[in-house]
Amino acid sequence: MHDLIIIGSGPAGFTAAIYAARANLKPVVLASSVAMGGDLMTTTEVENFPGFPEGVQGPDLMFAMQQQAERFGADVRMVDATDLELEGDIKRVHVGDEVLEARAVIYATGSEYRKLGVEGEQRLSGHGVSWCATCDGFFFKQKQLVVVGGGDSAMEEATFLTKFADHVTIVHRSETFRASAAMLERAEQDPKISFLTNATLDEILGTEINGTEQVTGVVLRDTVSGETRTMPVDGVFVAIGSDPRTHLIHGKLELTADGTIAVDGRSSRTSVEGVFAAGDVIDPTYRQAVTAAASGTVAALDAQHHLAAHPAPALDEA
């Protein structure tokens, strides 16, 4: 029997593990067999996480968090939770054929940016392809950029990127946009933003520059005529939304209209007592490493208070 199981190993999961381990809760962290560290494992340079004035590589940051959690006694396992039984005082987490029991669970599996699924997207991730203007916009000063999408997030990304880029082209598959009128109007009035409608991005092109392959262009397809053309650009920002990783808790925890896990106010308390959630899986808006880490802190403290208020029953003496 464990006091606490943490599912997920991004900034939220590992920060929760650090706080829980320092509280002597001996947390078990199910860090995933394939996605340990979350999205930061595919991020090259992180310059906006406090405490790193020269920046830090995403994987280095996550490995450091893991080591810090383990230093205080967290049990980090590179395995995946496959099913959850959350009702009752004892929570059961299935890891394949093994069943782990705990008095509390923190769910911190993060979210996943939607991908275009085109040639070059994955290969050039972190080398000119990004899903987060706030994270990476600084690296594209005086560059020519493309933003793919037609909703509010695409307009926000494009508008933010004009702080750095020389020009931003918004590429959208139709002539109508899902973005709100206010967000669309703001982008339309920005002299550094242009629109390319009835177009899809079919391929992202790259060339080796200074020993590293970098984005140099995109192949665009006209959705009306079917004709393709190549457009030289320095970077591609994909803004077609993201999905919280909630597949394990559907029908078990209450969700919001955004599909994130519902929590009580600023706490991490979910609709099931003894189950807490943290990070991007509860955050449809900010999705930053530092806000996820802060959310992990809240979850660990909430779990600690819950466990203190519900002490484990004493074992019968033989």
Side-chain angles (χ1 to χ4, degrees), residues 39 47-48 111-118 120-121 124-206 214-244 256-260 280 283-288 291:
D39 290 337
E47 290 200 326
N48 55 5
S111 65
E112 184 174 15
Y113 290 110
R114 294 174 188 158
K115 307 294 197 301
L116 294 170
V118 301
E121 181 180 27
L124 293 164
S125 173
H127 299 280
V129 177
S130 175
W131 290 263
C132 179
T134 305
C135 309
D136 300 327
F138 178 81
F139 301 111
F140 292 88
K141 290 182 177 179
Q142 299 178 316
K143 301 294 185 181
Q144 300 287 325
L145 304 178
V146 158
V147 171
V148 183
D152 279 353
S153 60
M155 304 305 142
E156 290 178 16
E157 296 276 281
T159 302
F160 180 83
L161 288 169
T162 59
K163 299 175 182 292
F164 311 101
D166 279 349
H167 190 78
V168 179
T169 301
I170 296 176
V171 176
H172 185 47
R173 64 175 60 247
S174 72
E175 291 182 347
T176 58
F177 293 89
R178 293 175 288 103
S180 63
M183 291 300 302
L184 180 59
E185 182 180 3
R186 183 183 304 173
E188 289 175 332
Q189 292 179 349
D190 194 313
K192 296 176 74 174
I193 295 177
S194 62
F195 292 80
L196 185 59
T197 58
N198 291 330
T200 59
L201 193 154
D202 277 11
E203 184 179 354
I204 302 172
L205 307 174
Q214 299 288 333
V215 168
T216 55
V218 293
V219 176
L220 300 169
R221 180 180 298 275
D222 189 301
T223 59
V224 178
S225 68
E227 295 179 353
T228 62
R229 67 182 179 93
T230 299
M231 176 180 177
V233 297
D234 303 297
V236 176
F237 284 78
V238 181
I240 56 176
S242 64
D243 298 305
T256 69
D258 294 306
T260 55
D280 287 5
D283 176 14
T285 305
Y286 300 104
R287 298 195 299 271
Q288 298 296 303
T291 54

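We number each residue from 1, following the sequence as shown. Keep in mind the model is a prediction, meaning the values are calculated, not measured.
In this structure, the side chain of Glu157 engages the main chain of Ala133 through a donor-acceptor pair within 3.5 Å. The backbone N or O of Thr228 lies less than 3.5 Å from no partner atom in the side chain of Arg221, so there is not a single donor-acceptor pair. For Thr223 (side chain) and Asn198 (main-chain N/O), a donor-acceptor pair under 3.5 Å exists by modelled atom type.
The two atoms that bring Asp280 and Gln288 nearest to each other are OD1-N, 4.3 Å, heavy atoms only. Minimum interatomic distance between Ser225 and Asp222 (heavy atoms only, all atoms of both residues): N-OD1, 3.0 Å. Closest heavy-atom contact between Val168 and Ala158: CG1-CB, 3.8 Å. Val147 approaches Ala239 most closely through the heavy-atom pair CG1-CB, 4.2 Å. Asn48 and Thr134 get closest at one heavy-atom pair: ND2-O, 3.8 Å. Nearest heavy atoms, Asp136 versus Ser130: OD2-OG, 2.6 Å.
Atom-to-atom distance recorded for Lys141:NZ and Asp234:CG is 15.0 Å, nearest 0.5 angstrom. Between Ser242 atom OG and Arg114 atom CZ the span is 7.0 Å, to the nearest 0.5 Å. Between the OH atom of Tyr113 and the CZ atom of Arg287 there is a distance of 5.5 Å, given to the nearest 0.5 Å. Between the OG1 atom in Thr159 and the CE atom in Met155 there is a gap of 8.0 Å [rounded to 0.5 Å]. Rounding to the nearest 0.5 Å gives a distance of 11.5 Å between CG of Asp243 and OG1 of Thr260. To the nearest 0.5 Å, atom CG of residue Leu124 and atom CD1 of residue Ile204 are 6.5 Å apart.
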Report the C-alpha distance between Val215 and His127 in whole Å, list the side-chain angles of each, state the deciding distance to 0.1 Å, and finish with yes or no for side-chain contact (heavy atoms from CB on, under 4.5 Å). CA-CA 7 Å; Val215 168; His127 299 280; 5.9 Å; no
Which is it for Met231 and Val171 under the side-chain contact (heavy atoms from CB on, under 4.5 Å) test, yes or no, and what are the steps along the way? CA-CA 11 Å; Met231 176 180 177; Val171 176; 5.6 Å; no
List the steps and the verdict of side-chain contact (heavy atoms from CB on, under 4.5 Å) for Leu201 and Leu220. CA-CA 5 Å; Leu201 193 154; Leu220 300 169; 4.2 Å; yes
Step-by-step side-chain contact (heavy atoms from CB on, under 4.5 Å) determination, Trp131 to Glu121: CA-CA 11 Å; Trp131 290 263; Glu121 181 180 27; 3.5 Å; yes
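Using cut-offs of 30° and 60° on the angle between ring planes, the pair His172 and Phe177 is parallel.
Atom NZ of Lys115 is surrounded by more than 12 heavy atoms from other residues, nucleotides or ligands within 6.0 Å. Counting non-hydrogen atoms of other residues, nucleotides and ligands closer than 6.0 Å to NZ of Lys143 gives a total of 12 or fewer.
Inter-residue side-chain proximity for Gln144 and Pro232 is flagged as unmet; no heavy-atom pair is nearer than 4.5 Å.
When each of Met183, Gln189, Glu188 is paired with Arg186, the side chain to side chain contact (heavy atoms under 4.5 Å, CB included) condition holds for Met183 and for no other.
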